[in-house]
Amino acid sequence: MADVLIEARGLRKVHAPRGAAAPTEAVAGIDFRVTAGEAFGFLGPNGAGKSTTMRMVAAVSPPSSGRLEILGMDPATHGPQIRARLGSVPQDDTLDTELTVRENLLVYGRYFGLPRAVIRERAARLLEFARLADKADEQVEALSGGMRRRLTIARSLVNDPEILLLDEPTTGLDPQARHLLWERLFRLKQQGVTLLLTTHYMDEAEQLCDRIVVMDHGRIVAEGSPRGLIEAHCTREVLELRFPPDRQQQAAEKIADTAKGVDARVEVLPDRLLVYADDGEDALTAVHRTGVEPLTALVRRAGLEDVFLTLTGRTLVD
Amino acid sequence: MPQMTTSATTALTATDVLTARLPALREFGYWMRRYRRIWRGTVVISVANPLLFLAALGAGLGKLVDANHSGHLAGTPYLDFLAPGLLAASAMQNGFVEGAFPVFQSSRSRGNYPAAAATSMRPGDILAGHLLFVAFRVLLSGLLFLAVVVAFGVVRPARALLAAGPVLLTGMAFAAPLMAWAVRVDRQSRLNGLYRFVVMPLYMLSGTFFPVGQLPHWLRAVAACTPLYQGVALTRSAALGGGDAGAAAVHACYLLALTAAGVWAASRSYTRRLNS
Ligand SMILES: Nc1ncnc2c1ncn2[C@@H]1O[C@H](COP(=O)(O)OP(=O)(O)O)[C@@H](O)[C@H]1O
Ligand SMILES: [Mg+2]
């Protein structure tokens, strides 16, 4: 069996804000285990507790209760030793925008106590890796969002970490920047770096993760491989139907009646109906037979978004 | 990247060895790196400020004061009285500016502190390194101020060096408690508020521009409790000499105690903020 690098049992975090505000239980007792070389993802909507979990694993935020072991050590007693072997990409970039790209790497490498010559050598390689070599002497201020994200990732690798933590690595980036980042992360994965990432994009989770836990309201509601989760919680296909807003409710009722007959399930979203069926075309034929006429009809494969909807009754991105 | 082995067999520099042993120096190095971009401007300000103030107030206003044979200064020329007072006040100013805004900015979610806290640095290392830099800034500005004071012929160079200690102590007595607070403050406007409503009024109670003997009786006691008064008194006795040693020791202990309390509070609030 592969080495267990991270193990959490009953991990819980309560944020107690200053003043009179009520405390929030951001992480409500979760168990998970990450083994060497795997790409492990936390999928969940905003406020699910993903960042809070990542900060605990990054050994910058002590758990309120539960057990957490990272690289065989307890973050409460061995924070610096753990952090020395982690790479951390926080949700908000913490680059120094007044320093240059290279300076950001030099400063960060120094924080690990590395000798200057070693940092310089690694910085050159990491800038190549992040495709920022031509920007090395520019101020971070002048970089695009995608470049900053790549620099943050490059920086997190300067201590040659065994585990890389990525909190929403591509949120807010345009599709092209996202794909470039995914490709770089995929390379790291192939080089054997253990990845732990959070996302609320199901395509990101599907692209990068071997194993996923679905989080909602501080709890883990499902766990498995992307394929496994879809197979366990969804039908193979989904039929998406759009109606004029005033007719959707009526159509939904009619289709729900028919759906029972063909072993399908209907989800009503504000802007569309989803019919979960193993054969989408069959389901569409059945819909047509009821006399309901959708504006558009689309058959697609079920994805993690559908898993989340099935488990929680809500969509991932609102 | 994993296969990135350390092939560099280059000899370690002294800085490499020191920063590996003393993590606080890494944070100090970060602030120095930033400072390298702006040092010229700060030197100009640190020299121009006392030059202008001493020329206008000391030499200009001082002529009027001295011509009226003000008995309150006990025969000290006004310029000599004012210079050490302004020096201590500027140390407070620098302690405030360096201890408040950069600390506040650094502790935001996109700031330097969370970046450093994600590495092998401890919150205490981050604090120690930044304190060191603040001390460096307070001392550097103080020495430049002293150079101007020497040029005005108020103080001899040897005495000026003696005054550097009180200047540093005054600056840190403000900076350390401020850092403890600024790291956990939620809005920058609170820092500005503190400056306007606490720091500025301290000038009037400090004996910088006039001896506190001029104040009403009850206010004199209040003034004697304020840190700037203590800093001004200590700096003045060091720069001009002739003060009583016991009083100087009391001033120094007051400022040391305030600094120590500030550092203690800061080490708690940094840990709370950066590891919570
Ligand atoms: N520092 C904090 N203080 C108070 N509440 C917090 C803090 N950080 C997060 N929370 C709350 O905890 C919950 C989970 O937040 P977070 O972990 O950021 O979720 P996610 O990353 O999945 O969006 C949210 O309700 C959020 O408002
Ligand atoms: Mg988050």
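Sequence lines set the chain letters: A, B, ... in the order given, protein chains first and strands last, and positions in each chain run from 1.
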Notebook entry, point to check: Would E98(A) and R37(B) count as a salt bridge (Lys or Arg N to Asp or Glu O under 4.0 Å) if you check the C-alpha gap in whole Å, the side-chain angles of each, and the deciding distance to 0.1 Å?
Noted result: CA-CA 10 Å; E98(A) 288 170 37; R37(B) 316 182 146 240; over 6 Å; no
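- By the side-chain contact (heavy atoms from CB on, under 4.5 Å) test, P62(A) is found to be paired with K13(A), N275(B), residues two or more places apart in sequence or in another chain being considered.
- For R85(A), no part sits under 4.5 Å from any heavy atom of chain B, backbone or side chain.
- By a heavy-atom distance cut of under 4.5 Å, not one residue of residues 42-49 of chain B is near chain A.
- Contact annotation for R187(A): neither backbone nor side-chain heavy atoms come within less than 4.5 Å of a heavy atom of chain B.
- Among S156(A), G113(A), G87(A), the residue making the largest number of heavy-atom pairs under 4.5 Å with chain B is G113(A).
- The shortest heavy-atom contact between V60(A) and A117(B) is CG1-O, 3.3 Å.
- For Y111(A) against S120(B), the heavy-atom pair with the smallest separation is O-OG, 3.4 Å.
- Environment of CZ in R122(B): sparse, with no more than 12 heavy atoms of neighbouring residues, nucleotides or ligands closer than 6.0 Å.
- Salt bridge annotation for R34(B)-D96(A): present, with a cationic side-chain nitrogen under 4.0 angstrom from a carboxylate oxygen.
- Taking CZ of R33(B) as the start and OG1 of T100(A) as the end, the distance is 7.5 Å to the nearest 0.5 Å.
- Around atom OH of Y203(B), more than 12 heavy atoms belonging to other residues, nucleotides or ligands sit under 6.0 Å away.
- Between atom OG1 of residue T119(B) and atom CG of residue L114(A) there is a gap of 10.0 Å, rounded to the nearest 0.5 Å.
- Chain A is approached within less than 4.5 Å, heavy atom to heavy atom, by S109(B), R110(B), G111(B), N112(B), P114(B) from residues 97-114 of chain B, ordered by number.
- To the nearest 0.5 Å, atoms CZ (R110(A)) and OG1 (T19(B)) are separated by 4.0 Å.
- Listed by sequence position, P80(A) are the residues of residues 63-81 of chain A in contact with chain B, using a 4.5 angstrom heavy-atom cutoff.
- Checked by atom type and distance alone, the side chain of R83(A) pairs as donor or acceptor with a backbone atom of M121(B) at under 3.5 Å.
- Using a 4.5 Å cut-off between heavy atoms, L106(A) touches chain B through its side chain atoms alone.
- Taking chain B as the reference chain and counting heavy-atom pairs below 4.5 Å, the highest number among R116(A), E103(A), R155(A), Q91(A) is found for E103(A).
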